[in-house]
Amino acid sequence: MDITLFKRRSDYEWEIEPTGGMRVPGVIYASEALVREMDHKVYEQTVNVAALPGIVQASYAMPDAHWGYGFPIGGVAAFDPDEGGVVSAGGVGFDISCGVRCLHTGLTADDIRGVQKLLADTLYVRIPAGVGSTGRVHLNREEMDAMLTGGAKWAVDRGYGTAADLDRTEEHGQMRDARAANVSDRAKKRQQDEMGTLGSGNHYLEVQEVREIYDAKAAAAFGLKPGDAVVSIHCGSRGLGHQIGTEFLKKMAIAAGTYGIALPDRELACAPIHSPVGEEYLGAMRAGINCALANRQILTHLVRGVFADVLPQARLPLLYDVSHNTCKVEEHVVDGKPRRLFVHRKGATRAFGPGHPDVPEPLRAVGQPVLIGGSMGTGSYVLVGTKEAEARSFSSACHGAGRAMSRHQAYRTWKGRQVIDELAGRGILIRSPSSRGVAEEAPGAYKDVGAVVDAADAAGLARKVARLEPLVCVKG
DNA sequence: ATGTTC
């Protein structure tokens, strides 16, 4: 990307001054090197979002931003319903409430290495992964609606996990104001056999080792120390979320015309927050959030079952569960005044700072855990929310490494077998139903996640706490 | 991301 397009606010904050139809500035948080590496489409899309009605403060892009459908992936935008603000399905993303949860194990990485192959094989057999994978949980109409309303709480009520898990999940595991009736029969049908499944693409389940601690106080509060083994799960709302996104993009394209909203890009289809379509989407999207929360909760139960058999001394309490594809109603201070805003985070993680009432009490003094998934070879990070991010990004941070190479290019560059062998040589066991998927997810196809989290840290969006490296990875 | 193009 051409760096001269930006006004440099600091080494990690790059402003696009408002011109043309832009109602607010664009702001990209990244190092100069990351901005230069970004696709020019990130610039265009950040500019386009800034032109939407009711946008507040700025159109933001996180350090891992890349080209998405309409909104950039790694985009954050907040809208005020009282100023004509809109909600956009493309501003949430197709995989509604895709996110990451991290579980302690009470074990060390050495404990894992003793049974690493057995653990990898058992996880692979018991955790359904891949395109169209189905699970053991099958929902009739009544249970589907209960799940869409109840989220992770629904799952816990049916024996998949414990009440303590809910204390460590955003929204306490149950998104309010979800409307199962707003979710189409087709979306429900696609999901009826897909609960407790990982899906495909960049979704994964990993057993990881805590390799480095950057913030001793936060790490202690999070219960992380070097050599600890943890389990991270990255997945979302599967076919249901995708179907909701697809249907509402069409409805919003029509609604935008009806309400006379000038769209700089057709993909930015949106509707006023308080319009019938806007409210219908919000109810369905919240049901999609509950689907993703329930899905990760059932997967957690499956993982605990595997550990009970392979490493029965293990205990797997939840550290935290974050979603990085959402639109949520939050109170934020803008120009000294608190306002109720609809915050879209698409490929961006909520990152509440210390003292925020929505951070679980045992963690509140240090801030919300921010879980960042990396690639199979380079590992992942745990960060913590900061006070500064409130003013900088509506308390948001990056969500992952971001692709540096298209899936197709990665498929042409690597063979799945080659990636698996190379990682095995470094002590990382990969299990996947798709050799092509592994090639597409080769570590070399991703940006350097370390550079991304360093930029997030330096920009004050969140602070680095720990780095995790994979021992076992089940890929979809 | 996605019953990998309704």
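If you're wondering where the values come from, they're calculated on a predicted model, not measured in any experiment. Residue numbering restarts at 1 for every chain, and letters A, B, ... go by the order of the sequence lines.
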statement: Heavy-atom nearest nucleotide on DNA chain B taken for D95(A) and for V131(A); more 5' hit belongs to D95(A)
query: For residues D358(A) and H172(A), is any side-chain donor paired with an opposing acceptor at under 3.5 Å?
result: no
query: In whole Å, what is the span from the CD atom of E247(A) to the C1' atom of dT2(B)?
result: 13 Å
task: Would you indicate what R403(A) reaches in the nucleic acid, counting non-hydrogen atoms under 4.0 angstrom: base, sugar-phosphate, or nothing?
output: nothing
message: Can you list everything that forms a side-chain contact (heavy atoms from CB on, under 4.5 Å) with T149(A)? Sequence neighbours excluded, please.
response: A180(A)
statement: I96(A) atom CD1 is separated from dT2(B) atom P, nearest whole Å, by 12 Å
message: Can you list everything that forms a salt bridge (charged side-chain N to carboxylate O under 4.0 Å, His left out) with D265(A)? Sequence neighbours excluded, please.
response: none
task: Verify the ring-centre separation between F6(A) and Y43(A): is it less than 6.0 angstrom?
output: yes
query: In whole angstrom, what separates Q243(A)'s CD from dT5(B)'s P?
result: 15 Å
query: Is the phosphate of dT2(B), meaning OP1 or OP2, less than 4.0 Å from a side-chain N or O of R238(A)?
result: yes
- prompt: Could you give the NZ-to-C1' distance, from K250(A) to dT5(B), as a whole number of Å?
  reply: 12 Å
- request: With heavy atoms under 4.0 Å as the rule, sort G199(A) into base, sugar-phosphate or nothing.
  value: sugar-phosphate
task: Would you check if the side chain of Q243(A) reaches a backbone N or O of A187(A) as a donor-acceptor pair within less than 3.5 Å?
output: no
task: Could you check how far NE2 of H408(A) sits from C1' of dT4(B), rounded to whole Å?
output: 13 Å
field: Nucleotide dC6(B), atom C1' - distance to NE2 of H242(A) in whole Å
entry: 12 Å
query: Atom NE2 of H203(A) and atom C1' of dT2(B): how far apart are they, to the nearest Å?
result: 10 Å
query: For S200(A) and dT4(B), is the shortest distance between a side-chain N/O and OP1 or OP2 below 4.0 Å?
result: no
task: Give one of base, sugar-phosphate or nothing for E440(A), where a contact means two heavy atoms less than 4.0 Å apart.
output: nothing
query: Which part of the nucleic acid, if any, lies within contact of G201(A), taking any heavy atom under 4.0 Å across all strands shown: a base, the sugar-phosphate backbone alone, or nothing?
result: sugar-phosphate
query: What integer distance in Å separates L249(A):CG from dT2(B):P?
result: 16 Å
